[in-house]
Amino acid sequence: MSAFSAIDEEREIDRDEFTPGIEPQPTWCPGCGDFGVLKALKQAMPEVGRTPDETLLVTGIGCSGKLNSYFESYGFHTIHGRSLPVARAAKLANPGLEVIAAGGDGDGYGIGGNHFIHTARENHDMTYIVFNNEIFGLTKGQTSPTSPKGHKSKTQPHGSAKQPIRPLSQSLTAGASYVARTAAVNPNQAKEIIAEAIEHDGFAHIDFLTQCPTWNKDAKQYVPYVDVQQSDDYDFDVTDREEAGKMMYEVESKLHEGEVLTGRFYRDDDRMSYGEEKRAVGEMPDDPLAERYFDEDAEWERSADLMHYHR
Amino acid sequence: MTDTELMWRIAGGSGDGIDSTSQNFAKALMRAGLNVFTHRHYPSRIRGGHTYVEVRADSEPVRSRGDGFNFLLALGDSFARNPSEDAFYGDEEVKPLTENLDELNEGGVIVYDEGLLEGDDVANLNERAEENDWHVYPLDLRGLAREHGREVMRNTAGVGATAALLDMDITHIEDLMEDAMSGDVLEANLQILEEAYEDVKDNYEFTHDLRAPTGEHDEQQVLLSGSNAIAYGAIDEGCRFIAGYPMTPWTDVFTIMSQHLPDIGGISEQVEDEIAAAALAIGASHTGVKAMSGSSGGGFALMSEPLGLAEMTETPLVLIEAMRAGPSTGMPTKPEQADLEHVLYTSQGDSTRVVFAPGNIRECYDQIRAAFRIAYEYQIPSILVYDQKLQGELRNVDESFFDREPNADPGTTMTEEEIAEAAHHASGKFQRFGEGDENGVSPRSVPGQKGGRFLATGNEHSPEGHISEDTENRVRQMDRRLGKLDTIREELDGADDSHQTYYGPDTAEYGIMVWGSHQDTVFEAVDRLNDAGHSVKALGVSDLMPYPEAEVTEFIESVEECLVVEMNATAQFRGLTQKELGRFGPKLNSFLKYNGEPFEPYEVVEGFERTVDGAPDVPEGTKFVPAAGD
Ligand SMILES: Cc1ncc(C[n+]2csc(CCOP(=O)(O)OP(=O)(O)O)c2C)c(N)n1
Ligand code: SF4
Ligand SMILES: [Mg+2]
């Protein structure tokens, strides 16, 4: 019998279960896009049939990192930029868990950029939501890796001389097997995309446009937006790498011309997740490693049995 | 140590197989009934550069490198790039011979490969040999190897010649070759070994007295390194997850674990950097698995912030710090003990961690097990700090030493039944960071368990894990977390076996203190000092945090004066001792070395004599720093 009876439990799930019994006072500003992520996530969870006790929500540091303060599940609010390595180890240790990582654009594309590339490359079976407000929110509005060129802030008073990074293209190149962009102002699409991402068996990356009315003085609200899957103007195959890449490039360029394009941009349902790959080559046990520690009858190998190498 | 001990040094080019040859030779000596100890010297490159390994063997226990050595096997350096005398690195080709002569003891034996080295190229070799009573045997090892196999097999020819000159039985060497090789390679090697052996026996007149010592073991021996012992201790303590990024000398433990874990149901992850490595270990541990990571100086610096996260979230974590000479990239393959303060204090905020420094291979095994047990019982990071010396040296240990019960207990985790009965906040959250038991340890739930939801956060937090800056809660949580160190100290003090190791007569007048890998070298020096009429005892300290205040105080109080021996330039351990004890400044002298070479016993002997007699000189490469106010 499993020591983790919450995992894969079959029962009705109510979206209220994801709201803490006593809701802490939110630290987000009124009108902040982060509320949109929280709401969409709460709605997506019952749809994918996962409960708070089998979900681990790992966040970084930033306004966005507070997500798990307002979301009822197991949570790990880590350090700036490091949600992904914590999250992916949890998934390897207990593949039955639903692991979701989340954080800001600075957190994920800047200080944690190396982990982003490698987690995508390895295709860990998890969901990664990046709150992209094109700004450092928590530290009061400095330029972030996604801020457009020319963006002025206290640390770039004459405007940023840097090109913003292209998060979707980078994700694709690195190896993510599901890449989408949604926006806080588009709650229905956001919920659907989160649900899809969670159900996807591999690294699912969502670039979530979250307006920051407090610091992003250009007051980007990401409206109007276009859902590329709904629009007749765009026709591409999300399972075709090349077409997806071209589309992403256009989407990223258009954002800075004021046109907000959202939707699913890439998915590869055939690629094995990292856990499966590792198991296939014999580098990971078939049963969840975490279970073994709670099994009183488990047999543990001893170093005494390795001594023949040293005689 | 006896008069008949063998101190065999094999020298050659790095990449010439010196390491594996010496390991097999050491193992053969062990199988023949001797106690063995190896010391490795190698430069920080894969090919080229002069390297040597010393094998010390005796019928009595050996626990340190010796003073100098008495048998040199100088192989050619096949990677010598520029044999011209004015090349930057000097005359590379003859280095295996020239570089080693200064430390060769009187009466020593020299075998060199005349197939590759010209004795005439070594300045005054004959005069020096005469002066020092060296016995020189030039042999065409390369020629022999070429004749029966390939040139690289000249190591085997050298071992065969060694065995003949030392009057050793070669069956153990043959057995080891049969274990490691097969087919034509084995045949060729066996032939070369025998030819060299017979050739030397038949055609040379021995002028030297040195012979291999003889001995007998009461029980089965195994030959292993500090890294093996650390990995094996971790396995026996149920560690089944390791994450890392290669860096010398940490790579050793990482590699050994990675080779075994997949076969025993574990997981090893080589990741993008050391920040990730430590973070993965935290993620696995948070999820209920016994996990470890580690690195050496620079990589460990990158682990600083995750380490603090483990302290704040009370996530059990075991890290290894395999020190090498710093600062920065320093001397990657050279030992030093200059990361003590780094390991104790790195990461923001007040340190809340356990740090052990094992003094030898057995202590590596015992203390990594203690590190895991404490980390998981007390929900605290434990760090095992060792160095390149202990990492690479091989020594024989009774096999029965490892015949222990495993302990995979995940510590203070709860079952779902226990969680159901435990306190929950009105919000529904489990009180993960409550007052806890009498030790201040608040048992934890693990993701996936029903009813155990909580938030772990690096921010200060309330009992259920909510971010909180409430002043009273802050002090309560800080005191609880830090208080665990006091309890751990009490537990360690009350244990049957102290991690501190005592050596020498109880009533001795003088003391030597040492921490970590130089412990047994100091113990050897203590024997010699007492034999020479001094009155000395030693204390090897392993617990660095929480500091063993009572034991060290008692030791220092019991002696007139104390010499603190460590391999760094700023006397970090002496500083720690004074900080922790708040006194004894005038009683503690320092004896330091930081040239990249481990202490030899005679250096400690002379360093001590400097303290007691005020002798003016200490050996080259060491430094004496008198006590405060001296
Ligand atoms: C190592 C480290 N460097 C800097 C900080 C300060 N810091 C906290 S959040 C943040 C950036 C926040 O921006 P982003 O990740 O985009 O999140 P947002 O607040 O916009 O959601 C910074 C620089 C930190 N906490 N840790
Ligand atoms: S500063 Fe911006 S990102 Fe942060 S909470 Fe306020 S609106 Fe949201
Ligand atoms: Mg941001």
Side-chain angles (χ1 to χ4, degrees), chain A residues 2-7 9 20-24 52-56 58 61 66 68-69 72-82 84-90 92-94 96-97 114-115 117-118 278 282-285 287 289-290 292-294 298 300-304 306-307 310-311, chain B residues 220-224 228 232 235-236 238 240-241 243 260 262 264-269 271-273 275-276 279-284 286-290 305-306 309 399 402-404 406 408 410 415-416 426-429 446-459 465-467:
Chain A
S2 170
F4 305 97
S5 70
I7 292 176
E9 188 192 11
I22 296 173
E23 245 186 303
D53 279 333
E54 59 181 328
T55 303
L56 176 64
V58 186
I61 300 297
K66 301 280 166 62
N68 44 17
S69 288
E72 186 67 33
S73 73
Y74 277 95
F76 204 144
H77 179 230
T78 63
I79 44 178
H80 195 30
R82 318 300 167 201
L84 288 173
V86 172
R88 69 196 210 220
L92 291 173
N94 195 346
L97 293 173
N114 197 20
H115 309 311
I117 292 170
H118 288 275
K278 226 171 144 70
E283 289 253 308
M284 193 166 137
D287 296 325
L289 184 50
R292 195 171 172 195
Y293 291 89
F294 293 85
W300 293 88
E301 301 81 359
R302 302 188 315 142
S303 69
L306 300 170
M307 286 304 144
H310 301 282
R311 276 175 208 144
Chain B
Q220 179 68 48
Q221 298 294 300
V222 285
L223 184 70
L224 31 69
N228 289 128
Y232 293 160
I235 287 171
D236 286 349
R240 291 294 182 274
F241 189 100
H260 292 302
I264 56 172
I267 297 174
S268 163
E269 276 290 291
V271 296
E272 58 271 29
D273 61 32
I275 310 177
L280 263 97
I282 291 171
H286 180 77
T287 316
V289 165
K290 290 178 104 169
E305 218 196 350
L309 179 68
E399 181 173 335
F402 294 96
D403 187 13
R404 316 268 193 110
T415 60
E416 291 192 334
S427 65
K429 282 226 171 9
V446 170
Q449 285 181 321
K450 218 171 202 172
R453 294 184 309 279
F454 69 96
L455 178 66
T457 170
N459 285 65
H466 283 307
I467 295 170

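Every chain is numbered from 1 and lettered A, B, ... according to where its sequence line falls, protein lines coming before strand lines.
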Practice task
Against chain A, work out which of B/L309, B/T415, B/N228 has the most heavy-atom pairs shorter than 4.5 Å and name it.
Solution key: B/L309

Problem - Interface residue of largest heavy-atom contact number with chain A, from B/L224, B/I467, B/I282, under 4.5 Å - result: B/L224

Practice task
State the NE2-NE2 distance between B/H466 and A/H77, to the nearest 0.5 angstrom.
Solution key: 13.0 Å

Exercise for the section: Check whether A/Y293 gets within reach of chain B through its side chain, its backbone, both or neither, counting any heavy atom under 4.5 Å. Expected result: both

Fill in the blank from the handout: The interface call for A/E23 against chain B, heavy-atom contacts under 4.5 Å, is neither

Practice task
Decide side-chain contact (heavy atoms from CB on, under 4.5 Å) for B/I267 and A/K278; before the verdict, give the C-alpha distance in whole Å, the side-chain angles of both, and the deciding distance to 0.1 Å.
Solution key: CA-CA 9 Å; B/I267 297 174; A/K278 226 171 144 70; 3.7 Å; yes

Completion exercise
Nearest heavy-atom contact between B/G266 and A/P285 is O-CD, 3.9 Å

Practice task
Report the distance from atom CG of B/L455 to atom CD of A/E72, rounding to the nearest 0.5 Å.
Solution key: 9.5 Å

Exercise for the section: Report yes if some heavy atom in the side chain of B/P447 is under 4.5 Å from a heavy atom in the side chain of A/N94; otherwise report no. Expected result: no

Problem - Value rounded to 0.5 Å, distance of CG in B/D236 from CD in A/E301 - result: 10.0 Å

Fill in the blank from the handout: Scored by heavy-atom pairs under 4.5 Å with chain B, the best of A/R311, A/E54, A/E283 is A/R311

Practice task
Between chain B and each of A/A298, A/G282, A/S73, A/A304, count heavy-atom pairs under 4.5 Å; write down the option with the most.
Solution key: A/S73

Problem - Engaged part of A/P52 at the chain B interface, taking heavy atoms whose separation is under 4.5 Å - result: both

Practice task
Against chain A, work out which of B/A426, B/P262, B/A279 has the most heavy-atom pairs shorter than 4.5 Å and name it.
Solution key: B/A279

Exercise for the section: Kindly determine whether B/K450 and A/E9 satisfy side-chain contact (heavy atoms from CB on, under 4.5 Å), including the steps that lead there. Expected result: CA-CA 10 Å; B/K450 218 171 202 172; A/E9 188 192 11; 2.6 Å; yes

Handout entry: Spatial distance of atom CD (B/E272) from atom NE2 (A/H115) [nearest 0.5 Å]
Key = 5.5 Å

Handout entry: Proximity breakdown for A/R88 and chain B, heavy-atom pairs closer than 4.5 Å
Key = side chain

Handout entry: Ion pair check, B/R453 and A/D53, cut-off under 4.0 Å
Key = yes

Exercise for the section: Heavy atoms only, distances under 4.5 angstrom: which of A/L306, A/I117, A/T55 has the most pairs with chain B? Name it, please. Expected result: A/L306

Exercise for the section: For residues A/R82 and B/P306, determine if any side-chain heavy atom of one lies less than 4.5 Å from a side-chain heavy atom of the other. Expected result: no

Problem - For A/A6 against B/G448, the heavy-atom pair lying closest together - result: CB-O, 3.2 Å

Practice task
Pick one of side chain, backbone, both or neither for B/I235, based on which atoms fall under 4.5 Å of a heavy atom in chain A.
Solution key: both

Practice task
State, with a plain yes or no, whether a side-chain heavy atom of A/F76 is found less than 4.5 Å away from one of B/T287.
Solution key: no

Problem - 4.5 Å side-chain heavy-atom contact, A/M307 and B/Q220 - result: no

Handout entry: B/V271 and A/H118, any side-chain heavy atoms less than 4.5 Å apart
Key = no

Handout entry: Interatomic distance, B/N459 atom CG to A/I79 atom CD1 [nearest 0.5 angstrom]
Key = 11.5 Å

Problem - Contacting moiety of A/A290, where chain B heavy atoms sit under 4.5 Å - result: both

Handout entry: Exercise: identify the closest heavy-atom pair between B/Q449 and A/A3
Key = CG-O, 3.8 Å

Exercise for the section: Among the options A/L289, A/I7, A/L56, pick out the one with the most heavy-atom pairs lying under 4.5 Å from chain B. Expected result: A/L289

Problem - Audit row: B/Y232, A/H310, ring-ring contact (aromatic ring centres under 6.0 Å, His included) steps and yes/no - result: CA-CA 12 Å; B/Y232 293 160; A/H310 301 282; 5.5 Å; yes

Handout entry: Segment of A/L92 engaging chain B (4.5 angstrom heavy-atom cut-off)
Key = both

Problem - B/H286 side, atom NE2; A/Y74 side, atom OH - distance, nearest 0.5 Å - result: 8.5 Å

Problem - Segment of B/E305 engaging chain A (4.5 angstrom heavy-atom cut-off) - result: both

Handout entry: Pick from B/V446, B/T457, B/L280 with the largest number of heavy-atom pairs that fall under 4.5 Å of chain A
Key = B/L280

Exercise for the section: Could you tell me which portion of A/L97 (side chain, backbone, both or neither) has an atom closer than 4.5 angstrom to a non-hydrogen atom of chain B? Expected result: side chain

Practice task
Determine whether A/R302 and B/D403 make a side-chain contact, defined as any pair of heavy atoms from C-beta on separated by less than 4.5 Å.
Solution key: yes

